[in-house]
Amino acid sequence: MSIKKVSKEQPDKFEFNQDNLNLANKIVLNYPSGKKKSAVMALLYIAQKQNDNWIPLAAMKYIAKFLDISYINVYEVATFYSMYNLQPVGKYFIQICTTTPCMIRGAYKLVDVCKKNISEKENELSTNKNCSWTEVECLGACISAPMSQINDDYYEDLNVKQFENIIKDILKDKKPKPGSYRGRLNSEPEKNRKTLLENKNA
Amino acid sequence: MLKVKVNDIDIEVEEGFTILQACELAGFEIPRFCYHEKLSIAGNCRMCLVEIEKSKKPVASCAMPVAEGMNIKTNTNFVEKARKGVMEFLLANHPLDCPVCDQGGECDLQDQSMFYGIDKSRYKENKRFVPEKYMGPLIKTQMTRCIHCTRCVRFATEVAGVPEIGAIGRGEDMQITTYLEKAMESELSANVIDLCPVGALTSKPYVFEARPWELKKTETIDVMDSVGSNIRVDTYGWEVKRILPKINEDINEEWISDKTRYSCDGLKYQRLDTPYIKKENNFKKVSWFEAFQILKDKINLTSPEKIAGLTGDLTNMETLFACKELFNKVLKSKDLESREKNIYINLSNRNNYLFNSEIKGIEKSDLILLIGTNPRFEATMLNARIRKSFLKNNTEIFSLEDLGDLTYPYKILTNTTEEVKKIIENNSEISKKITKAKYPIIIFGEGALDLNSSKYIFEGLKKFLIENNKINEDWNAINILPFNASAVGSYDLNIVSKTNDTIEKIKNNFFELIFLFGQDNFSFNKKNEFIVYIGSHGDKGAEMADLVLPGAAFTEQDGYFTNLEGKLQMAFKASYPPGEAKEDWVIINEISNLVGRESLFKNKNELLNAMNSYINSNKKDDISNLFKEEFVKEKISTLPNDYYHSNVIARASKTMNECRSIRTKLKKTGTEG
């Protein structure tokens, strides 16, 4: 992982919308008085969600002023964590897990699908600019490998064809159904469970 | 007190000491990179590892407080191995470029690797590359050398009060940078160069100039402002290569301002190295003999009451005293003046023109009121103390005027004399706060002493403070912050016009012969006056002069200066005057010899003895009764102060010019947010 670069194209202005402003004020109240700068990570995440999955400099300045801290403090936090995107990633941000279990179950085939349909390189916007993809480390859904996270949702038990359809939907700005693509519920085994059968509520 | 053992030596230390401090107390040096006495503890370089009995792992001594009965060991194999390991990691990514690194010879990493370094590297991998960062015209960066000690980050946030430096990224990719690579907006920024234990942040103007061991080091004092910071001047031959801070806890601690540090290249440019005479608006070189002949004729032709003299902002006390003697004994004129403006001054007692609370006293103050002064630009080191006081005691700070960013929060009152009148009459919130405060500090700038009602506000506030017992044996709340390094020295030597009208008379073109002793900040419409300029630089004073006599700068002659607290300090000679220039007191002595047929002093010692006995005689020419004590409703505003151009040396300095242009541009665009 190399250092994250700040996008060259930056919007002039950023402000929380009313819902997010209320949310931010509520988060700030979680911390004792005088310690509101602790809310910086949560606020950055809200800003990222509001601004199509990336944080512009204007948002960092806005948050710095919001929390009464210096710009560099917010900038340090934003560059430290890999889940903050400092460049546009599109309305749909596709993360493909390529850690061992997913890799064994064919994660790189999903990567190839992205390369073919979205962009040749990681972190590059698609031609219609509404999505981009990146390889990430374990997302903790090894039981339903291979999997991919698109914005807040997990798409699990994928195969190449299903994933291609998902990507095509996304490129058309349609949100596909999240969850397992082999009909499983959460992490239950396929076709009902195999153990604890006598226990109804298990 | 806690009893601990360091390498089997029993010592007692105060509670709250760190292990590192305890070891130093016992006389054992601990290697360190990130730890610095004046900064908060980071504990991230791990170089200061020590062994503690019953602890299986080595302990970072800078961050660990001592506990009763600790048995600390600093010289065991275990410790050495641990430190060697740390050093190996630090060197894993540090480039082997000591021969081309400006820090070479005074590098902490270089020195410590002599003890803890391993001769060969075990790392086959490529070294990390970090792009250079722009940090302004003073700081050169070579970030591949950075070992991430974060001293610079802590300095900028804590001492300088401009949180603009930070560490971005993480792990191996961590990089130190200013926010979006902007120049650091601080007058203390260059101190990060001294703090940097490696060559990551080095001095841009000094780049590849000299090696530390080639330089002659002279410990002296600074004259850029009235604080009198202690400095070390490094010279190579004639040239002053650089200026570094010298520790003085009472004045500047470990820091100096950027102007102090980087105006030194102004000592090279625009220098006067031979006498000049103005003929048909052109300056012509002449010899000292010819120059003195012209001056002699001029003095003989002029009646004493038509002669006036102005002393300058960088003039040392020897020169001031020689001027005084010259005017008293030889020229028989009473019009010698050290002020640039007719500011109110009460010479009856020394406490009326000193910074009585003292700079270190600021640290314990609980209320500060600024009247007509911007300490950030008028006395940067003093401002750093106010910030320290604010961080330590949460001091309440008030200013009559909106001064912009002072690096600490302050409350703005209205900047009229009425506000002060209300305080004097005990009619405002502030006066109640002052009476309640234990150690209040009221700072008068020259902006508050340049008014029609200056006498009223100064004497009124003094009376108010005396009535409320804020001026007593332990504490004196009234303080004056003068602009110039020579100000307090001049007042000590009573160099003020006895009729308090010399400046007015000069402006009305009353005089025929005017001496400017290094006075460059004074301007008036010249008519038929013959002006003699004695000074070091070809600046405003020399420009309007008819006869220019080249003198020496503060680094080129021994000279006393009294700082704003009234501390007498000596500026030592580090270099010598260029060309045919002479030390200032010698020139004055020779003028006396020429006109009065007798030298004022046989040698410097005689001058010093005469000056000492004059100061000790405590003779005071009080001129305060020449000012009217009246109340006029008017605005109190700080005097305009072009920080990077405040004196001749700074104006001649290329570095200061560059800083100034960057700073003014920044202000114009308003990109700071």
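Note that these values count all heavy atoms, side chains included, but never hydrogens, waters or copies made by symmetry. Since the structure is predicted, the reported quantities are computational estimates derived from the model, not experimental observations. Note on naming: letters A, B, ... go to the chains in the order of the sequence lines (proteins, then strands), and numbering restarts at 1 for each one.
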Q: Using 30° and 60° as the class boundaries, would you call the ring planes of Tyr179(B) and Tyr75(A) parallel, tilted or perpendicular?
A: perpendicular
Q: Around atom CD of Glu429(B), are there more than 12 heavy atoms of other residues, nucleotides or ligands at under 6.0 Å?
A: no
Q: Answer yes or no: are there more than 12 heavy-atom neighbours, outside Tyr134(B) itself, under 6.0 Å from its atom OH?
A: yes
Q: Counting C-beta onward and ignoring hydrogens, is there a side-chain heavy-atom pair between Ile72(A) and Ile165(B) closer than 4.5 Å?
A: no
Q: Look at atom NZ of Lys436(B) and say whether more than 12 heavy atoms of other residues, nucleotides or ligands are closer to it than 6.0 Å.
A: no
Q: From Met174(B) CE over to Thr79(A) OG1, what is the distance, rounded to the nearest 0.5 angstrom?
A: 10.0 Å
Q: Non-hydrogen atoms of chain A under 4.5 Å away: do they reach the side chain of Thr157(B), the backbone, both or neither?
A: neither
Q: Working to the nearest 0.5 Å, report the span between NZ of Lys61(A) and CG of Leu180(B).
A: 7.0 Å
Q: Please determine whether the number of non-hydrogen atoms from other residues, nucleotides or ligands lying under 6.0 Å from atom CZ of Arg105(A) exceeds 12.
A: no
Q: Got more than 12 heavy atoms from elsewhere within 6.0 Å of CG, Leu197(A)?
A: yes
Q: Counting distance only, does the side-chain N/O of Glu76(A) pair as donor-acceptor with the main-chain N or O of Ala167(B) below 3.5 Å?
A: yes
Q: Nearest heavy-atom pair of Arg170(B) and Tyr81(A): which atoms, and what distance?
A: NH1-CA, 4.0 Å
Q: Are there over 12 heavy-atom neighbours, none belonging to Lys204(B), within less than 6.0 Å of that residue's NZ?
A: yes
